> 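After the structure tokens below, expect a handful of questions from me.
Model, not experiment: these values are computed from the prediction. Throughout, numbering of the chain's residues begins at 1 and tracks the sequence. Quick note: numbers below take in every heavy atom, side chains included, and nothing from hydrogens, waters or symmetry partners.
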Amino acid sequence: MRRKLKLAVWKFASCDGCQLALLDCEDELPVLAEALTIAYFPEMTRTVIQGCYDISLVEGSITTPSAKERIHRIRAVSRRLIAIGACATAGGIQALRNFGDASRLAAITYPDPRMIALLERATPIADHVRVDLELRGCPVSKHQLLEVLAALLQGRNPDLPRHSLCMECKGKGITCLIVTKGLACLGPVTQAGCGAICPAFDRACYGCFGPQDSVNSRAMLTVLEKLGVSGTDAVRLFRTFTAGAPEFREMGDTYAPPIDSDQTPGPG
């Protein structure tokens with residue numbers, strides 16, 4: 001009889017949404033439970049089976065010294081480590097503080113900031129340890145999670161999209177919101193995977209799946225200029241869930257004032 005693979009699910013700085021995406025697989029979880037041993041998943045069970053783990057799913061970004069140490073320990077006991085969601089792959093909302101002074105923000109936020117241990121920057125998992133695979137999204141797609149787990153169980157490579165969201169819109173027959181309504185849609189530079197949920201409801205894509213593999217930054221910025229998007233609004237477009245992704249950071253920085261300026265636009 002084939003050995004069941006041990007699965008562990010870990011959380012760092014995040015909202016738990018990506019773990020909930022896995023728990024949302026209600027119909028598939030009984031089948032997965034037959035093929036996987038849930039060795040560590042506090043969101044789901046109190047059971048703790050010590051590693052090593054065949055698969056570790058990691059949600060969240062690294063924001064504290066203790067988290068930085070912990071992710072190295074997790075990597076050491078994981079055969080495969082998969083970063084899931086915008087926080088784990090691009091720093092998430094937490095990475096917005098990378099555009100300012102972390103100590104000043106802590107002083108504004110907490111009654112006694114001396115009690116808060118922060119790294120200067122909020123960073124994705126891959127900045128600290130080797131990552132075998134990254135799944136984008138805020139939250140991650142449960143369908144992509146299932147595809148990756150099924151692929152690992154079957155010993156094959158997962159079939160994941162790397163094209164832009166525009167391809168999903170075309171496949172679903174969704175009219176281009178840039179062309180027909182003049183909306184500042186990030187579909188041309190955003191990785192597919194969400195199912196084009198927002199454009200399907202006439203809401204411009206805001207890039208929660210992060211930049212696709214072959215971003216044409218210059219062309220996207222030209223489109224925004226033609227749409228009359230102001231510099232402040234352009235910065236806010238790219239400084240949301242995946243602000244820490246290099247391609248989105250570069251495009252946001254194109255319009256941003258100096259980092260030490262009090263006029264630096266935020267996500268507002």
> Between Arg97 and Glu120 (side chain of the first, backbone of the second, donor and acceptor by atom type, cut-off under 3.5 Å), is there such a pair?
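Yes.
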> So, are Asp132 and Arg75 salt-bridged, with charged N and O less than 4.0 Å apart?
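Counted as a salt bridge, because a side-chain N and a carboxylate O are separated by less than 4.0 Å.
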> Hey, does Phe248 have a side-chain heavy atom less than 4.5 Å from the side chain of Arg239?
no
> Can the positive tip of Arg249 be found less than 6.0 Å from the middle of the six-membered ring of Phe238, inside 45° of the ring normal?
no
> Indicate, with yes or no, if Leu224 and Met251 share a hydrophobic cluster defined by side-chain heavy-atom contacts under 4.5 Å among Ile, Leu, Val, Met, Phe, Trp and Tyr.
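Yes, it is one cluster - the side chains of Met251 and Leu224 are joined through contacts under 4.5 Å.
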> Using the test ring pair (Phe, Tyr, Trp, His ring centres under 6.0 Å), find all partners of Tyr53 that sit at least two apart in sequence or belong to another chain.
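Here the qualifying residues are Trp10.
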> Would you mind telling me which of Lys4, Arg79, Lys6 makes a side chain to side chain donor-acceptor pair (under 3.5 Å) with Asp54?
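Result: among Lys4, Arg79, Lys6, Arg79 is the only option passing the side chain to side chain donor-acceptor pair (under 3.5 Å) with Asp54.
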> For Asp127 and Lys68, what are the C-alpha separation, side-chain angles and deciding distance, and is it a salt bridge (Lys or Arg N to Asp or Glu O under 4.0 Å)?
CA-CA 10 Å; Asp127 279 18; Lys68 186 176 179 179; over 6 Å; no
> Got a donor-acceptor contact below 3.5 angstrom from the Arg121 side chain to the Gly91 backbone?
no
> Is the shortest heavy-atom distance from the side chain of Pro188 to the side chain of Ser164 under 4.5 Å?
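Not touching, per the 4.5 Å side-chain cut-off.
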> Among side-chain atoms of Ser230 and Thr232, is any donor-acceptor pair under 3.5 angstrom?
no
> Just wondering, do Ser56 and Arg80 contact through their side chains at under 4.5 Å, heavy atoms?
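Arg80 vs Ser56: side chains apart.
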> With a 4.0 Å cut-off on N to O distance, would you call Glu147 and Arg156 a salt bridge?
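Salt bridge: yes.
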> Using modelled atom types only, decide if a donor and an acceptor are shared between the side chain of Lys142 and the backbone of Leu145 within a distance under 3.5 Å.
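The answer is no, because no donor-acceptor pair under 3.5 Å joins these two groups.
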> Is there side-chain contact between Leu81 and Val131, with at least one heavy-atom pair below 4.5 Å?
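They are in side-chain contact.
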> Between Ser141 (side chain only) and Gln144 (backbone N and O only), is there a donor and an acceptor less than 3.5 Å apart?
yes
> Side-chain contact test, heavy atoms from C-beta onward, threshold under 4.5 Å: evaluate it for Leu57 versus Phe41 and give yes or no.
no
